[in-house]
> 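Let me give you the structure first, and then I'll get to my questions.
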2 protein chains.
Amino acid sequence: MGEGSEAARARVAAVSPAPVAADADGGPVVHRAAQARIIAAALGLFARHGVGGTSLGMIADEIGVTKAAVYHQFKTKDEIVLAAAEAELARLRAVVDEAEAQPTRKRARDALITGIVALAVESRHSMGVVLRDPVIVGFFTDHREFQHTMDRMCRLLVGDATTHEARVSAAMLIAAISGAVMHPFVAGLDDATLRAQLEQLARRFLRLPG
Amino acid sequence: MGEGSEAARARVAAVSPAPVAADADGGPVVHRAAQARIIAAALGLFARHGVGGTSLGMIADEIGVTKAAVYHQFKTKDEIVLAAAEAELARLRAVVDEAEAQPTRKRARDALITGIVALAVESRHSMGVVLRDPVIVGFFTDHREFQHTMDRMCRLLVGDATTHEARVSAAMLIAAISGAVMHPFVAGLDDATLRAQLEQLARRFLRLPG
DNA sequence: GTCTATAGACCGATAGAC
DNA sequence: GTCTATCGGTCTATAGAC
């Protein structure tokens, strides 16, 4: 009963050798290799079944171990959800960091768009849904680091303007990029074409030369 | 809802000997009052906890009955999920119907934008997430009615053009509207302001006079 | 239509051997 | 670090009384 067939599990190819996710201001979020494999598996399953529809047994199966092995790395399921969400946030923050390092405002905005589009297209079939899951949204509503990253993105996109139009513009652009990659309208497009079109249209939306 | 519910999936076509009206082109999506209450409760819970994180007991509690009473209206949880998703789809289809009834192309496109924005803003805090839940997305990937409604929306937005740019434009616009309403950037805006800004920016994106 | 009661599976989580 | 084994709880779904 219960987990009777855990012994006979096919091993899945291991992903993502990169074990790290550190940052300047938000605190180091470094993981061991075993933890990184769990997070990678969890992100894929969260995207396919949602957080609430993903069990620890499914995560364990995905990487070919038992639940107990997963619990040796994370004390609770919530810790896995949080770690996975923060891993996604770290990728976003890396893009924002790089954009802010640009010498001019225009180039910074340009770099941000390129980075976000690349991130979205890269994960068009796997993750990317994750940051929209109700459970993850709940985790982030009080998450300082998340709020801060979002504010930085907003500033890069529309400057210091705090008009309604500016804020709605920024929200629309981010939603447009991250949501369009999964839309059935673009299901037939290859990654390069999709990326190019998204960048062009995003820059047009911000009245940039593209 | 794990992997063990294939039974309900095949039952899709066999619904409703039901009481009243059918739709012009689409499906008979009319439910009894008891079913409608279940669907309404389910949509709210799906938006807050995700489909996978919502149990039949939660739905039953929400409307003040027991699980058995819910099972008297729907044979499986999957049937509830499908009915809830199709209820949301019906609202979208109503907007598309109304837009297509406009005399000119420009007014049709205008009506579609107004309708979609109104729909998104109306459900900015409750539902609306629903159509993006992984489980619902899975239901709709093979759903003829859904595909058809999406094609009609695409045609209204960008005409008969089948260029990459046109399709990506349409996908971005829809994603922008439905995603922006939940974005933290616009959390402080009232509904009327948000609606006005979204419509203005959407029309600008399509190079319409705003 | 609604209830109580229950079956059987799966869930998150823990203990302890190797 | 991974395993086996298990606990108590919740899940979907059914049976049958009112």
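The chains referred to below are lettered A, B, ... by the order of the sequence lines, with proteins before strands, and numbering in each begins at 1.
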> A:Q35 CD to D:dT2 P: how many Å, rounded?
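After rounding, the gap between these two atoms is 11 Å.
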> On DNA chain C, compare the nucleotides closest to A:S55 and A:K75; which residue's is nearer the 5' end?
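Its nearest nucleotide lies further toward 5', so the answer is A:S55.
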> Judged by each residue's nearest nucleotide on DNA chain C, which is more toward the 5′ side, B:K67 or B:R37?
B:R37
> On DNA chain D, compare the nucleotides closest to B:A68 and A:A34; which residue's is nearer the 5' end?
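By nearest-heavy-atom nucleotide position, the 5'-most residue is A:A34.
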> Looking only at side-chain atoms of A:K77, point me to the closest of D:dA13, D:dG1, C:dG12.
C:dG12
> The criterion is ring pair (Phe, Tyr, Trp, His ring centres under 6.0 Å); which residues satisfy it with A:F185, sequence neighbours excluded?
A:H183
> Using whole Å, what does the distance between atom P of nucleotide C:dC11 and atom NE2 of A:H49 come to?
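Distance check: A:H49 NE2 to C:dC11 P gives 11 Å.
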> Can you measure B:I63 atom CD1 to C:dG1 atom P for me and round it to whole angstrom units?
12 Å
> Where does the angle between the aromatic ring planes of B:F140 and B:F146 fall among parallel (under 30°), tilted (30 to 60°) and perpendicular (over 60°)?
parallel
> In whole Å, what is the span from the CZ atom of B:F74 to the C1' atom of D:dT14?
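Nearest whole value for this atom pair: 18 Å.
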> In chain order, what residues pass the side chain to side chain donor-acceptor pair (under 3.5 Å) check against A:E122, with sequence neighbours excluded?
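A:R91.
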> Whole Å only: how far is the CD atom of A:Q73 from the P atom of C:dG12?
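Interatomic distance, CD of A:Q73 to P of C:dG12: 17 Å.
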> Whole-Å distance between D:dT6 C1' and A:L56 CG?
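Those two atoms, CG and C1', are 16 Å apart.
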> What integer distance in Å separates A:Y71:OH from D:dT6:C1'?
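Between C1' of D:dT6 and OH of A:Y71: 14 Å.
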> Keeping the roles fixed (side chain from A:K77, backbone from A:T54), state whether a donor-acceptor pair exists under 3.5 Å.
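Flag set: sc A:K77 to bb A:T54 pair under 3.5 Å.
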